[in-house]
Peer 1: 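Take a look at this one; I'll ask things after.
Everything numeric here is computed off the predicted structure, so don't read it as measured data. Below, chains carry the letters A, B, ... as their sequence lines are ordered, and counting in each starts from 1.
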Number of protein chains: 2
Amino acid sequence: MTQGSDPKTDTRKRILDIAEQLLLSRGFNAFSYQHISSELGVRNAAIHYHFPKKSDLGVALIQRYRRRFQRFIDQQAALDPGAQLEAYFGLSDSYYRQHRQICPSGILSTEFLTLPEEMQREAAAFIDEMRLWAVDITRRGAACGQMRYAGTPEAIGMMLFSALQGALQLARIDDGALDTIKRQVRAVLGLPGH
Amino acid sequence: MTQGSDPKTDTRKRILDIAEQLLLSRGFNAFSYQHISSELGVRNAAIHYHFPKKSDLGVALIQRYRRRFQRFIDQQAALDPGAQLEAYFGLSDSYYRQHRQICPSGILSTEFLTLPEEMQREAAAFIDEMRLWAVDITRRGAACGQMRYAGTPEAIGMMLFSALQGALQLARIDDGALDTIKRQVRAVLGLPGH
DNA sequence: GACACCTTACTGACCAGTAAGTAGAGTGCT
DNA sequence: AGCACTCTACTTACTGGTCAGTAAGGTGTC
């Protein structure tokens, strides 16, 4: 009957959840298995049971992000481009509110050169997907007349993505940065609300 | 007469130079005194002689950035805002060309929550100065009619700063990102060259 | 002989990762 | 019902490496 929560234990999931918090606040190099095990109330080796190498944990984290992001895209598929952009802004807000975390692409691209190779591959694929999605929004936004901007959809989509990634990082030093930049991105895209 | 190069040895300076490369490619948490000493051909303790704690080295690095940046501003003071922006773009290019390094503000804001307190203070001041300078460019650019953009000078200045910081990070995964975003920033500011 | 600038030699903390053992839950056989 | 077996999910105990940081000694220069 596998009553209640899970056929397999949920320890694996809880490890991923804690590791995610640590990744987004401290970065991959600056958290250890001890951080996770002490928070979870288990011994260090228990983490190694589920994720033998730290890179296994890292890859699993990114793969989960990719699955989530695909689900996020699918859920927003029916919305118009402007609303999709606002949904993306909402994601950024929730990172920021959660102890000034930054977005995964920000930490992964910043630490990219020090990541194990398997993580680099996964991270590059993930960031590619996000970038393509941003470009898709600006392309459709212009096509349906909702957005009006200078430059190509490709370039403005990448700038929007890049500006938001930077905004979350700067928000750690300057409280207003995220809101300011969100407002400015709307302005640049010719959207209401700035 | 302190002939030639230096009254004090230049070891201190060479340590800072090596540490700077390491900071911009690997981040503060991901480089060690061994990285520096092996590259420099001295023993570990020699680094500790010049910078007793790693945070001393970190603070010295940021202070040097701040001095350099002030000099950079002073040198560009006579140029028009558009040319100042291009000079800033040039800085970003040189980071990228140097083994895909990212800008100091990018690494410092990303690692901010794990930095020692003295470094946090210095980093926050540094990033503030850079942000104010970006805003100053866009403000004067609009005032003299060279730039024409939607939104306030404050917001567009921050977006430009943030987008460029993100662009250098994304360029580690996507080779064209930096050029694309530079071109788009010009377009958004109503400048020629896109 | 004082000082700047190193060296050798060390400490203790933390790190990822491993090996071997164990408790408990399920499963199948008699 | 009782017992053996197996598997999952841990535990304790450990290794070897890396880390920042320190103490004490040496060497050359003014």
Side-chain angles (χ1 to χ4, degrees), chain A residues 1-23 25-62 111 113-120, chain B residues 1-23 25-62 111 113-120:
Chain A
M1 190 80 75
T2 74
Q3 51 85 244
S5 49
D6 37 37
K8 304 198 166 193
T9 59
D10 64 345
T11 302
R12 190 190 150 91
K13 181 183 178 306
R14 292 171 67 200
I15 292 171
L16 284 169
D17 289 341
I18 295 170
E20 180 179 337
Q21 307 296 315
L22 289 164
L23 178 72
S25 18
R26 303 184 51 92
F28 189 74
N29 292 316
F31 79 82
S32 73
Y33 274 29
Q34 347 269 49
H35 284 111
I36 303 175
S37 59
S38 69
E39 169 111 10
L40 193 55
V42 296
R43 295 301 175 160
N44 225 318
I47 319 290
H48 280 286
Y49 171 76
H50 292 281
F51 302 98
K53 318 256 161 176
K54 202 185 173 189
S55 61
D56 296 328
L57 174 56
V59 166
L61 274 175
I62 307 176
E111 287 187 309
L113 302 181
T114 67
L115 294 180
E117 213 187 302
E118 320 93 84
M119 283 186 69
Q120 289 195 352
Chain B
M1 189 73 76
T2 75
Q3 51 84 245
S5 49
D6 36 38
K8 305 199 168 193
T9 60
D10 65 345
T11 303
R12 189 189 150 91
K13 181 182 178 309
R14 293 171 66 200
I15 292 171
L16 284 169
D17 289 341
I18 295 169
E20 180 179 337
Q21 307 296 316
L22 288 165
L23 178 71
S25 24
R26 302 183 51 92
F28 188 74
N29 292 316
F31 80 82
S32 73
Y33 273 29
Q34 346 270 48
H35 285 111
I36 303 175
S37 59
S38 70
E39 168 112 12
L40 193 55
V42 296
R43 295 301 175 159
N44 226 316
I47 319 290
H48 280 285
Y49 171 75
H50 292 280
F51 303 98
K53 317 256 159 172
K54 201 185 174 190
S55 62
D56 296 327
L57 174 57
V59 167
L61 273 175
I62 307 176
E111 286 188 309
L113 302 181
T114 68
L115 294 179
E117 212 187 304
E118 320 92 84
M119 283 186 68
Q120 289 196 351

Peer 1: Among all residues two or more places apart in sequence or in another chain, which pass the side chain to side chain donor-acceptor pair (under 3.5 Å) test with A:T114?
Peer 2: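 If we apply the side chain to side chain donor-acceptor pair (under 3.5 Å) test to A:T114, skipping adjacent residues, the hits are A:N29.
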Peer 1: Using whole Å, report how far CZ of B:R12 lies from C1' of C:dC6.
Peer 2: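 From B:R12 CZ to C:dC6 C1': 16 Å.
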Peer 1: If the condition is ring pair (Phe, Tyr, Trp, His ring centres under 6.0 Å), which residues does B:H48 pass it with, not counting sequence neighbours?
Peer 2: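 Scan of B:H48 (ring pair (Phe, Tyr, Trp, His ring centres under 6.0 Å), adjacent residues dropped) gives B:Y33.
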Peer 1: OP1 or OP2 of D:dT18 sitting under 4.0 Å from any side-chain N/O of B:S32?
Peer 2: no
Peer 1: Would you mind listing every salt bridge (charged side-chain N to carboxylate O under 4.0 Å, His left out) that reaches into residues 26-54 of chain B, with sequence neighbours excluded?
Peer 2: none
Peer 1: Once ring pair (Phe, Tyr, Trp, His ring centres under 6.0 Å) is applied, do any residues pair with B:F31, and if so which ones, sequence neighbours excluded?
Peer 2: B:F28
Peer 1: Can you list everything that forms a side chain to side chain donor-acceptor pair (under 3.5 Å) with A:S37? Sequence neighbours excluded, please.
Peer 2: none
Peer 1: Applying salt bridge (Lys or Arg N to Asp or Glu O under 4.0 Å), name anything that partners A:E118, two or more places apart in sequence or on another chain.
Peer 2: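 Once residues adjacent in sequence are excluded, A:E118 has no partner under the salt bridge (Lys or Arg N to Asp or Glu O under 4.0 Å) criterion.
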Peer 1: Rounded to the nearest angstrom, tell me the gap between atom OH in B:Y33 and atom P in C:dT8.
Peer 2: 19 Å
Peer 1: Would you indicate, yes or no, if C:dC5 has its OP1 or OP2 atom less than 4.0 angstrom from a side-chain nitrogen or oxygen of B:T11?
Peer 2: no
Peer 1: Going by number, which of residues 45-55 of chain A have a non-hydrogen atom under 4.0 Å from DNA chain D?
Peer 2: A:A45, A:A46, A:Y49, A:H50
Peer 1: Nearest whole angstrom, please: distance from the P of C:dG17 to the CD1 of A:I36.
Peer 2: 12 Å
Peer 1: List in chain and number order the residues that pass salt bridge (Lys or Arg N to Asp or Glu O under 4.0 Å) with B:K13, two or more places apart in sequence or in another chain; answer none if no residue qualifies.
Peer 2: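 Here the qualifying residues are B:D17.
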Peer 1: With the criterion being N/O to N/O and under 3.5 Å, what pairs connect the protein with nucleotides 26-30 of chain D, and how long is each?
Peer 2:
none

Peer 1: In this structure, how many angstroms lie between the C1' atom of D:dC19 and the CZ atom of B:R43, rounded?
Peer 2: 17 Å
